[in-house]
Protein chains: 2
Amino acid sequence: MAVFDVKHVGSLSPAVPREGAGPSPCSACEIRSLTICAPLNDIEQTQMAAIVSTVELQSGNPLFDEGEPADHVFNVTAGTVKVYKLLPDGRRQVTGFLFAGDFLGLANQETYAYSAEAVTLCNLCRFPRRKLENLMERFPRVEQRLLNIASNELAAAQDQMLLLGRKTAREKIASFLILLARRARQRGVNDNPVFVPMSRTDIGDFLGLTTETVSRTFTQLKKSNLIRLLPDSKVELSGREDLEEIAGGF
Amino acid sequence: MAVFDVKHVGSLSPAVPREGAGPSPCSACEIRSLTICAPLNDIEQTQMAAIVSTVELQSGNPLFDEGEPADHVFNVTAGTVKVYKLLPDGRRQVTGFLFAGDFLGLANQETYAYSAEAVTLCNLCRFPRRKLENLMERFPRVEQRLLNIASNELAAAQDQMLLLGRKTAREKIASFLILLARRARQRGVNDNPVFVPMSRTDIGDFLGLTTETVSRTFTQLKKSNLIRLLPDSKVELSGREDLEEIAGGF
DNA sequence: TTCCACGATTGACGCAGATCAAGGACGCGG
DNA sequence: CCGCGTCCTTGATCTGCGTCAATCGTGGAA
């Protein structure tokens, strides 16, 4: 059973003809500067468009699971995705949340090293890995971009290790809120109040805490007048300076 | 004050002439297959040799500190290096231990995102970052190799997040010993008993534990007859199967 | 509107690992 | 050979967070 819909948008793809004969939708992509496509010129972009399809994923549905053949890589264009790893007994570690512009699926083994699942309704661009690799041989700038992305992710992973290994629950939650705000700002989205679409359980699994501790810590920060919990999963960072301080200057 | 010695070994470097007129020392490099130099042909290797210098670093000395201009990248050729990040109050998270063949210094900001320090007496190859970047433009295989390395590090970082966020002290220590053994085997080094050159404090800072807990957990594994502590920082993995089981199949 | 299911919150209690505090082992310099 | 510093180990105690258990709030279905 397919849990997501796929549309082929590439001009070379016969599957689902797009309307009209205009330029590929990629040329109108509003978040291109955030994506793997950022460094492409018009000609290169056309060739990328030829191998891309789009995926819509309902909240809670898996994109892929750890251990599956890593046949595709993705770029999130809308919504929020979580990626996570599991221990044999079911303990979960969310290793990241991905937003519009973020890339995922990088794997140099033949299988995905982690699972990915939609936190909200999502749209993604999907690239067959083989075809993207061929394209990279011809367009080294894509490879450079990918290396750049990987370097950034590595730096973020190290920050996260510092958080997981050495920060208290209060520091973890403060860091998390500041992180979400920064990522929102990067995307040009309102960063205060910040949109927090994921559940307490997901937040706990990201920060190495339980849902109860996440909830209690939110309450505690609320009582300290550092945050306010607003409707629609929004959190106002009332004391952003203090939160940054608590987060430990990362 | 310089805390490490540098020798220029490149044939184009006038600094310290090497003996004789033979091929560059890189051609005799015994661990090339593990390094960034693995994919190079003879011509490319000569050009890499032209920009490399070697560094010897005494145990305990810093290679670079977080925040310094990231002017060089390195390949460890002998010994063990630790990389770590600090919180403002001094809490430390060791994000990795590096052995012969491992690459470090990748940064797309202008400064290092972490500090690096010798755990044992070390030898490293040092490449000026600018020059390596120029070389990468001409030899895409180096860039591919670097992307490959970054992907591997990313996968390792995700494993480590799972460990830090969700494993118990016993599981962490078991995972750590198995990790060291696997890395030793990769290098073609004896993996049982495994050489554990780093201090209990360093291990604790890597696993998100205190030195006391590390020590107690070693004792506990010893009493369970899963390991034996041998002289010269060696640990025999007497119950390797069980350790793998405890580690949680990573 | 009511009912139901699921996530969030709060409380009571327990425990894994941190903290505080002594020793012990070992290597190194004199 | 001794003295000293550093790292390791072990013990006693403490505590932050996990666990277990209700209860609350909310949104969607009928």
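Atom set for the values below is all heavy atoms of this structure, side chains included, hydrogens, waters and symmetry mates excluded. All chains are named by letter (A, B, ...) in the order of the sequence lines, taking the proteins before the strands, and each is independently numbered beginning at 1. Being a predicted model, the structure only gives us computed values, none of them experimental.
Between B:Q220 atom CD and D:dG11 atom P the separation is 13 Å, expressed in whole Å. Taking atom CZ of A:R216 as the reference point, atom P of D:dC17 lies 11 Å away to the nearest angstrom. Taking atom CZ of A:R91 as the reference point, atom C1' of C:dA16 lies 13 Å away to the nearest angstrom. What separates CG of B:L230 from P of D:dC8 is a distance of 16 Å, to the nearest Å. Distance CE (A:M198) to C1' (C:dG7): 15 Å, rounded to an integer number of Å. The interatomic distance linking B:L221 (CG) with D:dC8 (P) rounds to 16 Å, in whole Å. Remark: P of C:dT10 and CZ of A:F218 are 13 Å apart, rounded to the nearest angstrom. In this entry the distance linking CD1 of B:I227 with C1' of D:dT9 reads 13 Å, nearest Å.
Note on B:I203: nothing from the nucleic acid sits closer than 4.0 angstrom, heavy atoms only. Note on B:G208: only backbone sugar-phosphate atoms sit closer than 4.0 angstrom, heavy atoms only; bases stay farther off. Nucleic acid contact class of B:L207 (heavy atoms, under 4.0 Å, all strands): none. Among the protein residues, A:T211 comes within range of no part of the nucleic acid, since none of its heavy atoms lies under 4.0 Å from any strand.
With hydrogens and angles ignored, no donor-acceptor pair under 3.5 angstrom links the side chain of B:R170 to the base of C:dG17. In the interface, the side chain of A:E212 is paired with the base of D:dC20 through a donor and an acceptor atom under 3.5 Å apart. At a cut-off of 3.5 angstrom, counting only N and O atoms as typed in the model, there is no donor on one side facing an acceptor on the other between the side-chain of A:R200 and the base of C:dT10.
For B:A169, counting side-chain heavy atoms from C-beta on, the closest listed nucleotide (D:dG18, C:dG17, D:dT19) is C:dG17. With D:dG18, D:dT10, D:dC20 as the candidates, the nucleotide lying closest to the side chain of A:T213 is D:dG18. Distance from the side chain of A:T168 is smallest to D:dC17 among D:dC17, C:dT10, D:dA12. Which of D:dC17, D:dC8, D:dT19 sits closest to the side chain of A:L209 comes down to D:dC17.
Judged by distance alone, the side chains of A:T95 and A:K85 never bring a donor and an acceptor atom under 3.5 Å apart. Side chain to side chain, B:S238 and B:E236 meet the donor-acceptor criterion of an N or O pair below 3.5 Å.
Of the charged side-chain nitrogens involved, none lies within less than 4.0 Å of a carboxylate oxygen, so that B:D232 and B:K234 do not count as a salt-bridged pair. Using a cutoff of 4.0 Å between basic side-chain nitrogens and carboxylate oxygens, B:E244 and B:R240 are scored as salt-bridged.
Between A:Y114 and A:F64, the ring planes lie tilted relative to each other; the angle falls in the 30° to 60° range.
Nucleotides of DNA chain D nearest to B:L229 and B:R166 differ in position, and the one nearer the 5' end is that of B:L229.
Between D:dT6 and B:S199, no contact under 4.0 Å exists linking OP1 or OP2 to a side-chain N or O. OP1 or OP2 of C:dT10 has at least one side-chain nitrogen or oxygen of A:T219 nearer than 4.0 Å.
The closest donor-acceptor contact from the side chain of B:R91 to the backbone of A:R166 lies under 3.5 Å.
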